[in-house]
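The structure appears below as structure tokens.
Atoms within a ligand are numbered from 1 in the order they appear, just like the ligands themselves. Values below: every heavy atom of this structure, side chains too, minus hydrogens, waters and symmetry copies.
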Amino acid sequence: MATDSMTQARFTPKDLPYAYSALAPQVSEETLRFHHDKHYVGYVNKLNELILDTPYAQQPLEDIILAADGAVFNNAAQAWNHEFFFEELSPEPQALPTGALKESIDAGFGSFAKMKEQMNKAAVALFGSGWVWLAADREGKLVVVSEPNAGNPMREGMKPLMCIDVWEHAYYIDYRNRRADAVDALWNRIDWKTIGDRFEKK
Ligand code: MN
């Protein structure tokens with residue numbers, strides 16, 4: 001019965017925590033509708049299909065990301081990465097880090113401006129599709145990590161703090177091939193309150 005596969009769907013796509021039009025003009029309503037409703041929801045639905053009647057169907061999303069390879073890893077990580085990405089953006093962002101996060105950024109990079117410059121460079125340099133991450137390494141030091149495709153630094157034992165989606169679907173409607181402009185605009189929507197909360201969470 002059709003209802004069986006519905007009730008067995010393991011993961012439910014999360015709604016955006018703001019209106020589709022809330023991040024304009026940096027990210028247009030059209031981009032967010034495609035990005036969330038087609039790409040992100042597509043990864044969640046595909047993951048549910050792939051893990052149906054497998055041991056993964058009982059596991060938390062993070063455990064699947066750490067254990068799986070191939071298509072299961074790709075769709076699980078893309079689901080997680082997009083939820084993390086959408087959550088760190090805000091219509092009314094706190095523009096700069098404060099407190100312990102600010103101190104760690106200054107210690108790791110010299111300044112917020114230098115960290116931003118390093119992430120921008122990594123975003124432009126990443127060949128093809130992928131994600132640029134701000135993460136805390138095993139020693140707690142903040143680092144910039146470039147990951148191709150669905151890559152997530154939690155696979156290397158790091159704690160993800162912030163990510164920039166550099167897949168073309170994230171910016172092509174608004175910026176065409178101008179990835180640097182898309183990334184530059186995105187900084188106006190990054191909520192450092194959210195990133196700070198992630199940093200302080202054990
Ligand atoms: Mn994306």
Please test Leu186 against Phe85 for side-chain contact (heavy atoms from CB on, under 4.5 Å), starting from the C-alpha separation and ending with a verdict.
CA-CA 11 Å; Leu186 199 66; Phe85 178 68; 3.7 Å; yes
Would His39 count as a contact for the Mn ion (ligand 1), in the sense that one of its N, O or S atoms lies under 2.8 Å from it?
no
Taking the Mn ion (ligand 1) as the apex, His169 NE2 and His82 NE2 span an angle, rounded to 10°, of 120°
Met154 and Leu66 have their tightest heavy-atom pair at O-CD2, 3.4 Å
OD2 (Asp165) - the Mn ion (ligand 1) - NE2 (His35) angle, nearest 10°
90°
d(Tyr171 OH, Asn177 CG) to nearest 0.5 Å is 7.5 Å
Quick one: does NZ or CZ of Arg189 land under 6.0 Å from the six-membered ring centre of Tyr18, within 45 degrees of the ring axis?
no
